[in-house]
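Worksheet for the structure shown next.
Values below: all heavy atoms of this structure, side chains included; hydrogens, waters and symmetry mates excluded.
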Amino acid sequence: MKNNAGQYLYSVFRQAAQEFRQIGQTIGDRLLRTPLPKILVVVLAIALLITIIPLIITLFIAFVLIRILLKILSMSMRQNQGKDTSVPYERRIKDIH
């Protein structure tokens, strides 16, 4: 029983390896028929995308954090606007009541 399972797995992996080899050969043949400048353009486009995407994500996160910081600062400024800091705290409370 153990031998049958091993033979089955061997045949499955062997067939999968053959399929991947055929796919690789097909891709290799197509690349050999493709002109070199076209391959160069595709490689440069992929490199550009790999470079630009992290930059875009980093800038987005930075702007969101700056926006949150500015919101927090504006909220604290609004809360402090109504308070007169020249008058002591105890006197302000007595004036309210």
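In this structure, M75 shares a hydrophobic cluster with no other residue, the cluster being traced through Ile, Leu, Val, Met, Phe, Trp and Tyr side chains under 4.5 angstrom apart. The hydrophobic cluster around V42 extends to I46, I50, counting ILVMFWY residues whose side-chain heavy atoms fall within less than 4.5 Å of a member. Hydrophobic side-chain contacts under 4.5 Å tie L31 into a cluster, directly or through other members, with I23, I27, I39, V43. Taking a 4.5 Å side-chain heavy-atom cut-off between Ile, Leu, Val, Met, Phe, Trp and Tyr, the cluster of I56 extends to L48, I52.
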Show which side-chain atoms of residues 60-72 pair as donor or acceptor with protein atoms under 3.5 Å away, not counting sequence neighbours.
none

For residues 11-18, dump all side-chain donor-acceptor pairs below 3.5 Å to protein atoms at least two apart in sequence or in another chain.
unit_1	atom_1	unit_2	atom_2	d
S11	OG	Q7	O	3.4
S11	OG	Y8	O	2.7

